Amino acid sequence: MASIVLGTPTSSAATSPLDASTITFSGSPDGTVKTTRKVSVPAGGGLGVYGKNTDSSADLFHTRLEFDIYSDDGRNVTDQFVTDYLNMGEVINQRVPVSNAHSYYIRVECKVIIGIGYDGCDGTFTISSWA
């Protein structure tokens, strides 16, 4: 299955993030929740999210990685991104501008949509801070 990329990567003068945190799912069972550590984004900087559901196509199972992005003041800022879940083979690669300095983290949950022959969720998520 070809990857579907959601979101438009934004260009920036910065070629590498100021900080980043990554979590990985490898055969993780239904309901598994993982959280990145918080990354600090400066005022006027960018909040980057990269995620990929690497489960491959199978006849009798389908997984989804559902995610939420939170700031250090408890706000859910997921609505600034094009989606809040990734089906098998989908990718998100997006940066959004941040007007006030905050720290952010991603909470991701493995969901089994169809589970016959299911062998677990596979994928990765990275949250990053850009100048």
Side-chain angles (χ1 to χ4, degrees):
M1 170 184 254
S3 291
I4 299 169
V5 178
L6 305 172
T8 304
T10 55
S11 62
S12 172
T15 58
S16 60
L18 299 172
D19 192 10
S21 178
T22 299
I23 53 175
T24 301
F25 289 82
S26 181
S28 301
D30 183 37
T32 298
V33 174
K34 295 189 178 192
T35 305
T36 63
R37 68 173 168 75
K38 291 179 182 177
V39 297
S40 181
V41 181
L47 172 63
V49 170
Y50 173 84
K52 184 174 185 179
N53 183 335
T54 57
D55 273 342
S56 58
S57 179
D59 291 335
L60 299 174
F61 80 90
H62 180 86
T63 63
R64 175 180 289 161
L65 294 173
E66 297 180 355
F67 64 94
D68 287 294
I69 303 155
Y70 294 97
S71 66
D72 55 10
D73 61 3
R75 287 181 307 120
N76 184 326
V77 298
T78 312
D79 62 352
Q80 295 181 42
F81 293 84
V82 296
T83 188
D84 62 355
Y85 65 88
L86 297 178
N87 289 313
M88 293 168 48
E90 290 183 337
V91 175
I92 183 170
N93 186 14
Q94 186 179 0
R95 267 188 246 168
V96 297
V98 172
S99 56
N100 297 314
H102 282 285
S103 293
Y104 298 88
Y105 68 95
I106 304 174
R107 178 193 181 277
V108 185
E109 183 173 357
C110 166
K111 294 283 191 164
V112 176
I113 307 305
I114 300 172
I116 300 170
Y118 165 73
D119 65 351
C121 287
D122 298 308
T124 185
F125 270 84
T126 299
I127 190 163
S128 55
S129 169
W130 299 80

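Computed from a predicted structure; not experimentally measured. Residues: numbered from 1 along the sequence shown. Values below: all heavy atoms of this structure, side chains included; hydrogens, waters and symmetry mates excluded.
- For the atom pair Arg107 CZ and Ile127 CD1, the distance stands at 14.0 Å (nearest 0.5 Å).
- In this structure, Asp79 has no salt bridge (Lys or Arg N to Asp or Glu O under 4.0 Å) partners at least two apart in sequence or on a different chain.
- Partners of Tyr104 under the ring pair (Phe, Tyr, Trp, His ring centres under 6.0 Å) rule, at least two apart in sequence or in another chain, do not exist in this structure.
- Applying the salt bridge (Lys or Arg N to Asp or Glu O under 4.0 Å) test to every pair with at least one member in residues 120-131, sequence neighbours left out, gives no pairs at all.
- Taking the side chain as every heavy atom from C-beta outward, Val108 and Ile23 approach each other to under 4.5 Å.
- Two residues are said to be in side-chain contact when any heavy atoms from C-beta on lie closer than 4.5 Å; Leu86 and Ile92 meet this criterion.
- Residues satisfying the salt bridge (Lys or Arg N to Asp or Glu O under 4.0 Å) test with Asp19, not counting sequence neighbours, are Arg37.
- Contacts of Thr22 classified as side-chain hydrogen bond (donor to acceptor under 3.5 Å, both in side chains), with partners at least two apart in sequence or in another chain: Thr126.
- Residues passing the side-chain hydrogen bond (donor to acceptor under 3.5 Å, both in side chains) test with Ser128 are Trp130, sequence neighbours excluded.
- Tyr105 pairs by the ring pair (Phe, Tyr, Trp, His ring centres under 6.0 Å) definition with Tyr70, not counting sequence neighbours.
- For Arg64, the side-chain hydrogen bond (donor to acceptor under 3.5 Å, both in side chains) criterion is met by Asn87, not counting sequence neighbours.
- The shortest distance between side-chain heavy atoms of Met88 and His62 falls below 4.5 Å.
- Remark: Pro42 pairs with Leu18, Ser129 by the side chain to side chain contact (heavy atoms under 4.5 Å, CB included) rule, at least two apart or across chains.
- Two residues are said to be in side-chain contact when any heavy atoms from C-beta on lie closer than 4.5 Å; Val91 and Asn53 fail this criterion.
- Counting only distance, with no hydrogens or angles, the side chain of Ser28 and the backbone of Phe25 share no donor-acceptor pair below 3.5 Å.
- Side-chain contact check for Phe125 versus Tyr50: every heavy-atom pair is 4.5 Å or farther apart.
- The side-chain hydrogen bond (donor to acceptor under 3.5 Å, both in side chains) check on Ser71 picks up Asp73, with sequence neighbours excluded.
- Between Lys111 and Leu65, every side-chain heavy-atom pair lies at or beyond the 4.5 Å cut-off.
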